[in-house]
Every structure is written in structure tokens, then in C-alpha cells.
**Q** 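Supplied in C-alpha cells, the structure appears directly below.
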Amino acid sequence: MPSHTIWKAIASNVGAALLISGVFTGFNEYFMKDKLVEMIFDKLKLKENIQNTGINETFLDVTQIDYGYYIKNAKNSIDIFHTYGETWTKTNHDHFVNKLINSNCKIRVFLLSPESKFLPALAAQYDLLPDELKQTIYRVTDLWKDIYERKSKQRKKATQSELYLYFHDLFPSRSIYRMDDKVIVVDTRILKGRSSKLPVLICSNKKKTNDFYDYYVSEINELESNAKKQSLNKNS
């Protein structure tokens, strides 16, 4: 039988182990709870920041954007800023014809000027010759003239829709599409070539001067005063 001294030593060691275990468990729980609270506050702060900027969605695939949905639901204003967007304009051609005939929407389109100093560099970025890119811009210009002509022929007297086309001479580091209280921003690639994998930001108007919507719409409004308005008459 173990002596009284041995049992006392065992009890002492077990007690010490339990004490250490309890202290460690308590410290660990306190530490984890503290970290959890900190993480929750960080998440809430991030959520508040996102809400204040007006960001609704972000993703990395432009094919996820249903432009037709936004165009059809716009009632007052549509702004389009990109290099040329030939495929985009063909895809949404009928949406714009319908919008001009059946609404009071004001549409502004900003294309890169065929005489822009940035055109040669952009042509190289897209693996095109400068003249090829220039002709593409002229083809897109004709698409918008066709849209305008259809609206002129079928226009309902009750509607007050408008279409304006501009050539800009600024570097298109992104494409911007504004439909009423929504703005879609598509970033451009740094590397050469094309890809559907592009950063996309969709934000809404929070009616603040420091939200993303206000920033991009202010850019477009300022651009209008520096861009050259084009005739939409097919004979010009």
C-alpha cells in the first residue's frame, strides 16, 4: 500500500495539473472571446464602410453582368463610357432602340476619339493595328447613328428621350455604365489581350457626396464638358 506521503504527493501533483489546466482554459477562452469580439467589430466596421460607399456587388467575370436588365429598368439617365464596345453595342442595340422610342430617358455615349493620342497604344494592347481600331470606332459610331435613326422614325410624340454621342480623348482605364441610380465599373487589363476575367464593381446612389456612385457620375459629367459632341445624322 502506498504510504501517506506518496498519496499526498500524488494529490498535490494532480491539484497543480488541474490548476494549470484551469488557468490555461480560462486564459484561452478569454483570449478567443476577445479575438471573436475584435473580429465581429472589424466585420461590422467593414460592412458599414461598404454600405457608406454604396457597393452592392463585386466579382471577377464580366459575363455575369446582365446589362439588358439595367438598361430596360432605367427611366431617366444612361451613361456609357468605354473605348468602343462593338460587341456590347450590337448585343444591346434593340434595348436602346426600345428605350429611345418608349421612354423619356437621356442617353450619353462616350467613345474614344479616332484621333486620340492614346489610340496607337490601345491598339497594341488589343493586338490591333491603329487603323483597325480606328475603323472599329467608326463602325460603332454608325451603330449609334442607326439607333438614333430608328428612334427618329418611330418616336412617340409623348416621349422626350434623347441620345448624345461624344468622342473623348482620355485614357479609358476602365469602362463605366450608369443606369439611373446604379453604376457598373469594369476595370481594364494591365497585360495585353482580352479576357472576361475583369474586376467588376456595381454600386448604387447613397445620395452622399463621398459614395462611389457620386464619384463616377461626377467624372462623366466633367468629361462631357471636355468631349466633342458628334452628329448622329447618317449623312455626316
Side-chain angles (χ1 to χ4, degrees), residues 56-114 116 119 122-123 125-128 132-155 159 161-168 172-189 192-204 213 216-217 220 223 227 230 232 234:
N56 294 334
E57 291 183 83
T58 60
F59 40 87
L60 276 171
D61 188 349
V62 293
T63 62
Q64 291 183 252
I65 308 172
D66 186 356
Y67 289 106
Y69 168 81
Y70 291 102
I71 296 168
K72 285 185 286 187
N73 283 280
K75 292 179 172 56
N76 301 307
S77 302
I78 296 177
D79 294 322
I80 300 152
F81 171 83
H82 51 201
T83 305
Y84 56 92
E86 185 173 24
T87 301
W88 189 93
T89 308
K90 287 179 178 178
T91 301
N92 296 295
H93 179 281
D94 291 346
H95 293 314
F96 283 109
V97 172
N98 184 64
K99 184 59 60 179
L100 286 170
I101 293 173
N102 299 302
S103 79
N104 297 321
C105 199
K106 177 183 176 182
I107 301 172
R108 297 183 296 181
V109 182
F110 299 88
L111 305 179
L112 182 71
S113 170
S116 171
L119 187 139
L122 285 168
Q125 181 78 358
Y126 300 143
D127 287 324
L128 297 171
E132 288 178 308
L133 180 54
K134 185 179 294 189
Q135 292 306 313
T136 300
I137 294 171
Y138 284 132
R139 286 198 303 272
V140 176
T141 299
D142 287 339
L143 286 173
W144 285 109
K145 287 183 177 181
D146 178 71
I147 291 170
Y148 182 78
E149 183 180 51
R150 295 195 187 194
K151 163 252 191 179
S152 299
K153 289 179 178 179
Q154 303 179 44
R155 179 175 184 157
T159 63
S161 61
E162 299 171 287
L163 174 61
Y164 301 104
L165 177 66
Y166 299 88
F167 281 164
H168 68 82
S173 59
R174 64 182 73 92
S175 296
I176 305 172
Y177 306 91
R178 178 265 194 107
M179 287 81 168
D180 280 350
D181 62 347
K182 295 286 191 297
V183 167
I184 302 170
V185 183
V186 182
D187 207 352
T188 58
R189 281 170 55 86
K192 289 181 65 174
R194 305 167 192 272
S195 174
S196 63
K197 297 287 185 182
L198 296 171
V200 177
L201 175 71
I202 300 179
C203 48
S204 59
Y213 175 92
Y216 289 118
V217 172
I220 292 173
L223 171 63
Q230 302 298 304
L232 288 166
K234 276 200 168 185

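Source: prediction; values computed, not measured.
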**Q** Side chain of K99, backbone of I78: donor and acceptor closer than 3.5 Å?
**A**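 No, because the side chain of K99 does not come within donor-acceptor range (under 3.5 Å) of the backbone of I78.
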
**Q** Rounded to the nearest 0.5 Å, how far does CG of L111 lie from NE2 of H168?
**A**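 Reported to 0.5 Å precision, the distance equals 7.0 Å.
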
**Q** If you define the side chain from C-beta out and look only at heavy atoms, does anything of S175 sit under 4.5 Å from V62?
**A**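 The answer is no; the side chains never approach within 4.5 Å.
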
**Q** Specify the closest pair of heavy atoms between S204 and Y213, including all atoms of both residues, with the distance to one decimal.
**A**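 Smallest interatomic distance, heavy atoms only, reads O-CB, 3.6 Å.
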
**Q** How far does SG of C105 sit from CG of N98, to the nearest 0.5 angstrom?
**A**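 So the gap between those two atoms works out to 11.0 Å.
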
**Q** Please round to the nearest 0.5 Å and tell me the distance separating atom CG of N102 and atom NZ of K72.
**A**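 Atom-to-atom, N102:CG and K72:NZ are 13.0 Å apart.
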
**Q** Kindly compute the distance separating OG1 (T63) from CG (L198), expressed to the nearest 0.5 Å.
**A**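 Rounded to the nearest 0.5 Å, the OG1-CG separation comes out at 10.0 Å.
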
**Q** Before you tell me yes or no, could you show the steps for V140 and W88 under side chain to side chain contact (heavy atoms under 4.5 Å, CB included), namely the whole-Å CA-CA distance, both residues' side-chain angles and the distance that decides it to 0.1 Å?
**A** CA-CA 10 Å; V140 176; W88 189 93; over 6 Å; no

**Q** Is the shortest side-chain heavy-atom distance between D180 and Y70 below 4.5 Å?
**A**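 No. Closest side-chain heavy atoms not under 4.5 Å.
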
**Q** So do I107 and L100 actually touch side chain to side chain, heavy atoms under 4.5 Å?
**A**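 Yes; the side chains approach each other to less than 4.5 Å.
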
**Q** How about N104 and S161: do any of their side-chain heavy atoms sit closer than 4.5 Å?
**A**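 No - every pair of side-chain heavy atoms lies 4.5 Å or more apart.
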
**Q** Would you mind telling me which of L163, I80, L143, T89 makes a side chain to side chain contact (heavy atoms under 4.5 Å, CB included) with F96?
**A**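 By the side chain to side chain contact (heavy atoms under 4.5 Å, CB included) criterion, F96 pairs with just one of L163, I80, L143, T89: I80.
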
**Q** Starting from the C-alpha separation in whole Å, work towards a yes-or-no answer on side chain to side chain contact (heavy atoms under 4.5 Å, CB included) for H82 and Y177.
**A** CA-CA 8 Å; H82 51 201; Y177 306 91; 3.1 Å; yes

**Q** State, with a plain yes or no, whether a side-chain heavy atom of R174 is found less than 4.5 Å away from one of Y216.
**A**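 R174 reaches Y216 side chain to side chain.
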
**Q** With a 4.0 Å cut-off, would you call K90 and E86 a salt bridge?
**A**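 Between E86 and K90 there is a salt bridge, with a charged N closer than 4.0 Å to a carboxylate O.
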
**Q** Shortest non-hydrogen contact from A74 to M179?
**A**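 Nearest pair, atom of A74 first, then M179: CB-CB, 4.1 Å.
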
**Q** Using side-chain heavy atoms (C-beta onward) and a distance below 4.5 Å, is N73 in contact with K182?
**A**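 Result no, sub-4.5 Å side-chain heavy-atom pair not found.
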
**Q** Is atom OH of Y138 surrounded by more than 12 heavy atoms (other residues, nucleotides or ligands) closer than 6.0 Å?
**A**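 Check passes, neighbour count above 12.
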
**Q** Could you grab the distance from atom CG of D94 to atom CD1 of I147, nearest 0.5 Å is fine?
**A**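 So the gap between those two atoms works out to 8.5 Å.
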
**Q** Tell me yes or no: between the side chains of Y126 and T83, is some donor less than 3.5 Å from an acceptor?
**A**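 Yes, because at least one side-chain N or O of Y126 sits under 3.5 Å from a partner of the opposite role on T83.
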
**Q** What I'd like to find out is whether the side chain of T58 reaches to under 4.5 Å of the side chain of L201, using heavy atoms alone.
**A**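 Result yes, sub-4.5 Å side-chain heavy-atom pair found.
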
**Q** For P114 and L119, which heavy atoms make the closest approach, and how far apart are they?
**A**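 For P114 versus L119, the nearest heavy atoms are O-CD1, 3.5 Å.
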
**Q** Heavy-atom count around Y148 OH within 6.0 Å, excluding the residue itself: above 12?
**A**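 Count not over threshold, so no.
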
**Q** For side chain to side chain contact (heavy atoms under 4.5 Å, CB included), just list the numbers for D79 and I176, CA-CA rounded to whole Å, side-chain angles, deciding distance to a tenth of an Å, and then say yes or no.
**A** CA-CA 8 Å; D79 294 322; I176 305 172; over 6 Å; no

**Q** Tell me, do F81 and R108 make a side-chain contact under 4.5 Å, heavy atoms counted?
**A**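 No; the side chains remain at least 4.5 Å from each other.
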
**Q** Return the OG1 to OH distance between T136 and Y84, rounded to the nearest 0.5 Å.
**A**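 Spacing of OG1 (T136) from OH (Y84) equals 6.0 Å.
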
